[in-house]
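Just below is one structure, and these are the notes that go with it.
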Protein chains: 2
Amino acid sequence: MPRQVDHDERRRQLTEALLRIASTRGLQAVSMREIAAEAGVSLRVVQYYFTNKLALLESGFTELGARMDRRVKQRAGAAAGELTPRGVFAAVLGAILPFDEQSKLDSMAWTAYYTAALTDPALAAVGLTLPNALEDFLTVRLTAAQQAGDVASDRDPRTEVATLLALANGLTASVLGRQRSHEAAVAIIDYHLDRLFGPAATRRPPPD
Amino acid sequence: MPRQVDHDERRRQLTEALLRIASTRGLQAVSMREIAAEAGVSLRVVQYYFTNKLALLESGFTELGARMDRRVKQRAGAAAGELTPRGVFAAVLGAILPFDEQSKLDSMAWTAYYTAALTDPALAAVGLTLPNALEDFLTVRLTAAQQAGDVASDRDPRTEVATLLALANGLTASVLGRQRSHEAAVAIIDYHLDRLFGPAATRRPPPD
DNA sequence: ACTGTTAGGATACGACTGTATCCATTCGAA
DNA sequence: TTCGAATGGATACAGTCGTATCCTAACAGT
């Protein structure tokens, strides 16, 4: 088994082991040896495929960001063609909230990383730079919806989008802390979207 | 200096040293020896006044909650008599957002604690149980404002309050992560309050 | 078949962790 | 004045941490 190992695959396995630990026992429970045990390999292997613990942590952060991005793009992409603007927002925001076991675990890990990045410049460099893309995307969408007459003209699209994203983050934190159920969080988002778009149906009515 | 020491005062000093470390270098940087160094005492003293590290961490969590509570009560109390309902909400939500250096440090520590509590049952028992009081308080206020005609009748006070608190939490996270300035966060809150109460002035007009 | 690189097992190092113990003060009460 | 509790300095212990080193296989290219 020695020669010719797929390094990327190996690193992926180790990164997933890391995220499994981080999401269930927290980032402070992540150690080289724990990752090795979780992945079923020896400590040397972890050392071999990642030069540093920092490189390992960065890999986990990046993977987490990629997962979030994938989830949002997937939902938004599937919804873009057939739904109303409101449906697109519901899909994207619903993808941010933890909606199943895996996304809840990922949100846990993400929260742990985000918090660690607040006091660790090395992690901040990796993770606190990217999240403007989603805000821009939604702002473009909302502006278009407003020009199409689906949203009242006195709304400020940029502020509305910022509000929705911050709200989704706040709700995510409360869901993770078991202060609110997933359904309650979705209900709050829906309530807010009702006021933004008007209490319309989710699906666009078929053209007559 | 030996005999007759004020234990509560000692514990307060040590707790503050702990929070200073947690808010600037993160909760994982908090160790018995670091606290001792920060407080300018020996390791033994830390051991003497706190049986456990857990007891120490719990003390920090509790103190943090007390500080938040104090801040909110102070602002809300000062505002209750002379401001409009909207002014009360602005005051309370403004007290949740980090508005100066100290409250920003406290928010940092709080975030670290909250995240740690998500994966540490011992901390969860201390900190993830209390925060309903503020929600109830604000809901009562908003319901009253609605009955007085200051808020449109089709709003649901409980949902509106939940939204505002989750929004404030989400905005706090973004401010701590330097993705938004404090002023930008306040502007978003104000924008939201404008829609809830109508774009009225902050101060209640004098009775004629 | 030989050789050098790749892949990992085994182990060790120094630093740091929470906790425990031993001991010397110092003061209040008797 | 004596004694015992309160206070805290000094040190030790057993783990765990990230990292480094040593060494042995196994394969690819020659």
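Proteins get letters first, then strands, A, B, ... in listed order; numbering begins at 1 in each. Since the structure is predicted, the reported quantities are computational estimates derived from the model, not experimental observations.
When the P atom of D:dA6 is taken as reference, atom CG of B:Asp6 falls 16 Å away, rounded to whole Å. Distance, A:Gln28 CD to D:dG18 P: 12 Å, rounded to whole Å. In this structure, NZ of B:Lys53 is placed 15 Å from P of C:dA20, rounded to the nearest angstrom.
Identified under the salt bridge (charged side-chain N to carboxylate O under 4.0 Å, His left out) test for residues 36-59 of chain B, with sequence neighbours left out: B:Arg20-B:Glu38. Applying the salt bridge (charged side-chain N to carboxylate O under 4.0 Å, His left out) definition to pairs two or more places apart or across chains, those involving residues 99-124 of chain B are B:Arg67-B:Asp106, B:Arg71-B:Asp106. Counting only residues at least two apart or in different chains, salt bridge (charged side-chain N to carboxylate O under 4.0 Å, His left out) contacts with residues 159-188 of chain B comprise B:Arg155-B:Glu160.
The stretch residues 7-25 of chain A comes close to DNA chain C through A:His7, A:Arg10, each having a heavy atom under 4.0 Å from the strand.
Relative ring orientation between B:Phe61 and B:Tyr113 is described as parallel, the plane-to-plane angle staying below 30° on a 0-90° scale split at 30° and 60°.
The neighbour count for B:Gln102 CD, taken as heavy atoms of other residues, nucleotides or ligands under 6.0 Å away, is above 12.
Ionic pairing of B:Arg10 and B:Asp6 is not present here: no N-O contact between side-chain nitrogen and carboxylate oxygen is shorter than 4.0 angstrom. Of the charged side-chain nitrogens involved, at least one lies within less than 4.0 Å of a carboxylate oxygen, so that B:Arg158 and B:Asp136 count as a salt-bridged pair.
Phosphate proximity of D:dG8 to B:Tyr48: absent, as no side-chain N or O sits under 4.0 Å from OP1 or OP2. Between A:Tyr49 and C:dA7 there is no side-chain N or O to OP1 or OP2 distance below 4.0 Å. At the phosphate of D:dT19, OP1 or OP2 sits under 4.0 Å from a side-chain N or O atom of A:Asn52.
Side-chain contact annotation: A:Ser59 with A:Thr15, donor-acceptor N/O pair under 3.5 Å present.
B:Leu27 has its side chain out of reach of B:Thr115: every pair of non-hydrogen atoms, C-beta onward, lies at least 4.5 Å apart.
When the nucleotides D:dG18, D:dG9, C:dT19 are ranked by their closest atom to the side chain of B:Ser42, D:dG9 comes out on top.
No donor-acceptor pair closer than 3.5 Å links the side chain of A:Glu34 to the backbone N or O of A:Ala29.
Recorded end-axis angle for the helix from C:dA1-D:dT30 to C:dA30-D:dT1 stands at 10°, based on five pairs per end and rounded to 10 degrees.
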Taking only nitrogen or oxygen atoms into account, show me every contact under 3.5 Å that the protein makes with nucleotides 11-16 of chain C, one pair per line with its distance.
none

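No contact: A:Phe50 has no heavy atom under 4.0 Å from any strand.
In this structure, B:Arg75 forms a cation-pi arrangement with B:Phe99, its terminal cationic atom sitting closer than 6.0 Å to the ring centre and no more than 45° off the ring axis.
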